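As the structure is a computational prediction, the values presented were derived from the model and not from experiment. Scope of the values below: all heavy atoms of this structure, side chains included, with no hydrogens, waters or symmetry mates.
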Amino acid sequence: MYDLVVVGAGPYGLSIAAHAAAAGLDLRVFGRPMASWRDHMPPGMFLKSEPWASNLSDPKGAFSLAAYAATQGVEVRHASPLPVGFFASYGLWFAERAAPPVDERTITSVRACPGGFRLVTDDGTTVLARTVALAVGVMPFTDIPAPLRGLSSEQVSHSSHHADLARFEGRDVTVIGAGQAALETAALLAEQGTAVRVVARSDRLNWNTLPPPRQRPALEAARAPHTGLGCGWKNYLYAETPGIFRRLPETTRARVFSSALGPAGAWWLRDRFESAVDVRLGESVAGAVRVDGRVRLELVATTGRVGTVDTDHVIAATGFTPGLERLGLVDRELRAGMRTVRPSSAPEASAVFESSYPGLFVAGLLSAPSFGPSMRFVYGAAYTAERLVAGVRRRLGVRGGSLVTVRQRQASSAPVGEPRLS
């Protein structure tokens with residue numbers, strides 16, 4: 001049995017792997033490295049987070065985004081957005097240097113077994129582990145509004161389903177949403193010659209402002225400190241004190257999770273968007289039907305007015321909702337025995353990111369209802385990796401800095417040469 005299997009090789013999975021390897025754990029990492037960034041974001045997109053808040057985490061801090069940029073002859077600067085492709089390349093560079101080799105097979109099943117967990121890969125191989133960290137990212141949790149779910153994939157898609165928007169060139173597309181994904185997707189569509197409109201239920205679009213310089217007068221910095229989630233004391237609490245957030249009443253956490261850091265566009269996108277994209281504000285999708293090969297959307301305004309729009313395709317940039325019921329790879333019996341955080345149905349996580357099922361840990365968006373908004377961003381990976389690996393060590397009964405007792409147990413429980421993959 002491995003000490004730890006990490007399911008997922010995005011920023012959280014790779015950061016956990018880096019800390020676990022440095023701690024001497026015997027581990028495996030499964031998944032396509034940086035898959036969301038490589039396979040689910042079209043060319044031309046930029047990081048919304050500041051470069052200094054977008055580091056993957058290793059114990060010594062040796063493999064930062066700035067360190068990678070230096071190897072490429074690039075300087076990362078505050079208030080200067082980076083292409084998502086550059087960030088994906090950084091993640092691959094980090095994976096090669098800070099983490100053990102990644103197995104790109106997909107884990108399709110996680111279930112309990114004596115002494116730990118039995119995992120199965122997409123080619124049917126069995127992997128045994130004492131502990132498991134679910135760092136599955138956001139893709140299992142895509143949200144498409146109920147009125148659109150009856151349409152085919154040719155008629156509706158989620159914004160994260162597109163590595164390339166070229167298929168929509170010269171067509172008519174309606175984007176649903178008011179956040180960065182909706183606004184940037186719409187801008188990219190318009191810039192390639194797509195007739196595009198944005199439909200948003202909010203009565204106005206929110207735009208982030210140009211961040212102030214990192215170095216500011218002390219009084220100004222004290223009024224609105226920089227954080228990995230933006231300026232301000234509220235953001236500081238979300239970014240720097242996830243452990244305190246976890247101790248808030250469940251109803252308070254649920255309210256903050258659903259409302260904090262709401263939909264907003266990046267400051268650098270505003271001019272590109274406003275000069276190119278039509279917007280229908282204060283309208284919600286009430287229905288959608290196929291008419292003559294196109295999609296007819298029924299839109300209801302906050303005033304009660306009802307209208308229709310005919311379009312070739314609908315892109316729902318409507319975010320992600322974490323929940324165990326969407327995580328099909330986790331065995332049903334295992335899911336049924338886990339406590340969840342209402343109303344999201346995400347697993348309740350301990351202070352070390354362990355679910356209520358001993359040995360099963362969660363990271364990233366799955367942990368956000370417990371630890372707060374920072375877990376929706378790369379910035380939360382450092383806090384997660386350090387504490388989660390400490391929790392794994394505790395679960396394994398490791399004391400001090402040694403894994404000798406674990407190795408001895410492994411040696412005594414399995415014949416020499418017995419594989420842990422079958």
Undergrad: Regarding R118 and T126, is there a side-chain donor-to-acceptor distance under 3.5 Å anywhere?
TA: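 Note: R118 and T126 side chains miss the donor-acceptor criterion.
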Undergrad: Taking R97 for the side chain and W93 for the main chain, is one N or O donor matched with an acceptor at less than 3.5 Å?
TA: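 Checked: pair present.
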Undergrad: Between F86 and Y68, does the ring centroid distance fall short of 6.0 Å?
TA: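 Yes.
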Undergrad: Do the charged groups of E184 and K48 touch, with an N to O distance under 4.0 Å?
TA: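 No, this pair does not count.
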Undergrad: Hey, does N206 have a side-chain heavy atom less than 4.5 Å from the side chain of P263?
TA: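 No, too far: nothing below the 4.5 Å cut-off.
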Undergrad: Using the ring of F257 (Phe, Tyr or Trp, six-membered ring only), decide whether R255 places NZ or CZ under 6.0 Å from its centre and within 45 degrees of its axis.
TA: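 Here R255 fails the 6.0 Å and 45° test against F257.
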Undergrad: How close do D164 and P43 get, counting heavy atoms only, and between which atoms?
TA: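 Looks like CA-CD, 4.4 Å.
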Undergrad: Give a yes or no on whether a salt bridge exists between R111 and D331, defined as a side-chain N under 4.0 angstrom from a carboxylate O.
TA: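 Yes, charged N to carboxylate O under 4.0 Å.
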Undergrad: At what distance, to the nearest 0.5 angstrom, does CD of E250 lie from OG of S370?
TA: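 Reported to 0.5 Å precision, the distance equals 8.5 Å.
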Undergrad: So, for P369 and S344, which heavy atoms are closest and what is the spacing to 0.1 Å?
TA: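 Here P369 and S344 meet closest at CG-OG, 3.5 Å.
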Undergrad: Nearest 0.5 Å, please: how far is CG in L188 from CG in L183?
TA: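 Result: 11.0 Å between the selected atoms.
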Undergrad: Check for a donor-acceptor pair, side chain of S350 on one end and backbone N or O of E354 on the other, with a separation under 3.5 Å.
TA: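 The answer is yes, because a donor-acceptor pair under 3.5 Å joins these two groups.
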Undergrad: For residues V362 and L360, determine if any side-chain heavy atom of one lies less than 4.5 Å from a side-chain heavy atom of the other.
TA: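 The answer is no, as the side chains (C-beta and beyond) never meet within the 4.5 Å cut-off.
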Undergrad: Tell me the closest heavy-atom pair linking G91 and L14, and the distance in Å.
TA: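 Residues G91 and L14, closest heavy atoms: O-CD1, 3.7 Å.
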Undergrad: Starting from the C-alpha separation in whole Å, work towards a yes-or-no answer on side-chain contact (heavy atoms from CB on, under 4.5 Å) for V6 and Y12.
TA: CA-CA 10 Å; V6 181; Y12 280 81; over 6 Å; no
Undergrad: When you measure from the side chain of R201 to the backbone N and O of S284, does any donor-acceptor pair fall under 3.5 Å?
TA: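 No; judged by distance alone, with no hydrogens or angles, the pair does not exist.
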Undergrad: Can any side-chain N or O of T340 pair as donor or acceptor with the backbone N or O of R342 at less than 3.5 Å?
TA: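 The answer is no, because no donor-acceptor pair under 3.5 Å joins these two groups.
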Undergrad: Going through the distances and angles, do V76 and L82 end up as a side-chain contact (heavy atoms from CB on, under 4.5 Å)?
TA: CA-CA 8 Å; V76 292; L82 288 172; 3.6 Å; yes
Undergrad: Quick check for you: to the nearest 0.5 Å, what is the distance between T308 atom OG1 and L297 atom CG?
TA: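 Reported to 0.5 Å precision, the distance equals 9.0 Å.
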Undergrad: Please examine the side chains of E104 and P33, heavy atoms only from C-beta on, and report whether any two atoms are closer than 4.5 Å.
TA: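 Heavy-atom side-chain distance check passes, below 4.5 Å.
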Undergrad: Please find the pair of heavy atoms, one from V29 and one from A17, that lie closest to each other, and give the distance.
TA: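 Looking at all heavy atoms of both residues, the closest pair is CG2-CB, 3.5 Å.
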Undergrad: Checking T311 against T174: is there a side-chain donor and acceptor pair closer than 3.5 Å?
TA: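 The criterion, which ignores hydrogens and geometry beyond distance, is satisfied for T311 and T174.
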Undergrad: So, S345 and E325: side-chain donor and acceptor under 3.5 Å apart, yes or no?
TA: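 Result is yes, a qualifying pair exists.
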Undergrad: Consider only side-chain N and O atoms of T194 and Q192, and report whether a donor and an acceptor are under 3.5 Å apart.
TA: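 Yes, side-chain donor-acceptor contact under 3.5 Å.
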Undergrad: In chain order, what residues pass the salt bridge (charged side-chain N to carboxylate O under 4.0 Å, His left out) check against R326, with sequence neighbours excluded?
TA: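 Once residues adjacent in sequence are excluded, the partners of R326 under the salt bridge (charged side-chain N to carboxylate O under 4.0 Å, His left out) criterion are D143.
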Undergrad: Please check: side-chain N/O of T108 versus main-chain N/O of V120, any donor-acceptor pairing under 3.5 Å?
TA: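 Checking the backbone N and O of V120 against the side chain of T108, a donor-acceptor pair under 3.5 Å is found.
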Undergrad: Mind listing the closest non-hydrogen atom pair of M1 and C113 along with its distance?
TA: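 Answer, listing the atom of M1 first, then C113: CE-SG, 3.9 Å.
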Undergrad: Parallel, tilted or perpendicular: which one describes the rings of F94 and F63, with boundaries at 30° and 60°?
TA: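 Judged by the thresholds at 30° and 60°, the geometry between F94 and F63 is perpendicular.
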Undergrad: For G380, is there any backbone N or O sitting under 3.5 Å from a side-chain donor or acceptor partner on T384?
TA: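 Yes; judged by distance alone, with no hydrogens or angles, the pair exists.
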Undergrad: Please walk me through it: do Y357 and F117 pass ring-ring contact (aromatic ring centres under 6.0 Å, His included)?
TA: CA-CA 11 Å; Y357 192 94; F117 301 89; 5.7 Å; yes
Undergrad: Which value, rounded to the nearest 0.5 Å, describes the distance between M34 atom CE and L56 atom CG?
TA: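 Answer rounded to 0.5 Å: 6.0 Å.
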Undergrad: Where do S159 and M41 land on the side-chain contact (heavy atoms from CB on, under 4.5 Å) test, with the steps shown first?
TA: CA-CA 8 Å; S159 56; M41 297 186 189; over 6 Å; no
Undergrad: In terms of relative ring orientation, are Y238 and F245 parallel, tilted or perpendicular, with 30° and 60° separating the classes?
TA: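 Perpendicular: the ring planes of Y238 and F245 meet at over 60°.
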Undergrad: For R376, look at atom CZ and say whether over 12 heavy atoms of other residues, nucleotides or ligands are found less than 6.0 Å away.
TA: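 Counting other residues, nucleotides and ligands, CZ of R376 exceeds 12 neighbours.
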Undergrad: In plain terms, say whether D58 and K60 are close enough for a salt bridge, that is, a side-chain N and a carboxylate O under 4.0 Å apart.
TA: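 K60 and D58: not salt-bridged.
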Undergrad: Could you check whether E50 and H78, counting side-chain N and O atoms only, form a donor-acceptor pair closer than 3.5 Å?
TA: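 Result is yes, a qualifying pair exists.
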Undergrad: In this structure, are over 12 heavy atoms from other groups packed under 6.0 Å from R332 atom CZ?
TA: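 12 or below, so no.
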Undergrad: Is it true that R272 and E191 make a salt bridge, defined as a side-chain N closer than 4.0 Å to a carboxylate O?
TA: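 Between E191 and R272 there is a salt bridge, with a charged N closer than 4.0 Å to a carboxylate O.
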Undergrad: Measuring only between side-chain heavy atoms, which start at C-beta, is V175 closer than 4.5 Å to V196?
TA: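 Yes, at least one pair of side-chain atoms sits under 4.5 Å.
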Undergrad: Verify, without hydrogens or angle tests, whether T241 (side chain) and I244 (backbone) share a donor-acceptor contact under 3.5 angstrom.
TA: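 No, the answer is negative, given that no donor and acceptor are paired below the 3.5 Å cut-off.
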Undergrad: With a 4.5 Å cut-off on side-chain heavy atoms, are L229 and S374 touching?
TA: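 Yes, at least one pair of side-chain atoms sits under 4.5 Å.
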Undergrad: Taking H226 for the side chain and P212 for the main chain, is one N or O donor matched with an acceptor at less than 3.5 Å?
TA: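 Here the side-chain-to-backbone pair exists.
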Undergrad: Using modelled atom types only, decide if a donor and an acceptor are shared between the side chain of D3 and the backbone of D26 within a distance under 3.5 Å.
TA: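 Between the backbone of D26 and the side chain of D3 there is a qualifying donor-acceptor contact (under 3.5 Å).
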Undergrad: May I ask you to test the L396-R130 pair for a side-chain heavy-atom distance under 4.5 Å?
TA: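 The answer is yes, as the side chains (C-beta and beyond) meet within the 4.5 Å cut-off.
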Undergrad: Hey, could you give me the OG1/CZ distance between T185 and F273, rounded to the nearest 0.5 Å?
TA: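 T185 atom OG1 to F273 atom CZ measures 10.5 Å (nearest 0.5 Å).
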Undergrad: Which residues satisfy the side chain to side chain contact (heavy atoms under 4.5 Å, CB included) test with T142, sequence neighbours excluded?
TA: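 Side chain to side chain contact (heavy atoms under 4.5 Å, CB included) list for T142, sorted by chain: M139, H158, S160, H161, F320.
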Undergrad: Kindly indicate, with the supporting measurements, whether the criterion side-chain contact (heavy atoms from CB on, under 4.5 Å) is fulfilled by D203 and L281.
TA: CA-CA 5 Å; D203 58 4; L281 297 174; 5.6 Å; no
Undergrad: Do I315 and H162 have side chains that approach each other closer than 4.5 Å (heavy atoms only, starting at C-beta)?
TA: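 Yes, at least one pair of side-chain atoms sits under 4.5 Å.
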Undergrad: OG/S367 to CG/L388 distance, rounded to the nearest 0.5 angstrom?
TA: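 Spacing of OG (S367) from CG (L388) equals 9.0 Å.
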Undergrad: Taking all atoms of both residues into account, what is the closest heavy-atom pair of A23 and V389, and its distance?
TA: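 Shortest heavy-atom contact: CB-CG1, 4.1 Å.
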Undergrad: When you measure from the side chain of H313 to the backbone of E154, do you find a donor-acceptor pair of N or O atoms at a distance under 3.5 Å?
TA: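 The answer is yes, because a donor-acceptor pair under 3.5 Å joins these two groups.
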Undergrad: Holding to side chain to side chain contact (heavy atoms under 4.5 Å, CB included), I want the full list of residues that pass it with R223, two or more places apart in sequence or in another chain.
TA: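 Scan of R223 (side chain to side chain contact (heavy atoms under 4.5 Å, CB included), adjacent residues dropped) gives L219.
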Undergrad: Do E298 and V306 have side chains that approach each other closer than 4.5 Å (heavy atoms only, starting at C-beta)?
TA: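 Yes. Closest side-chain heavy atoms under 4.5 Å.
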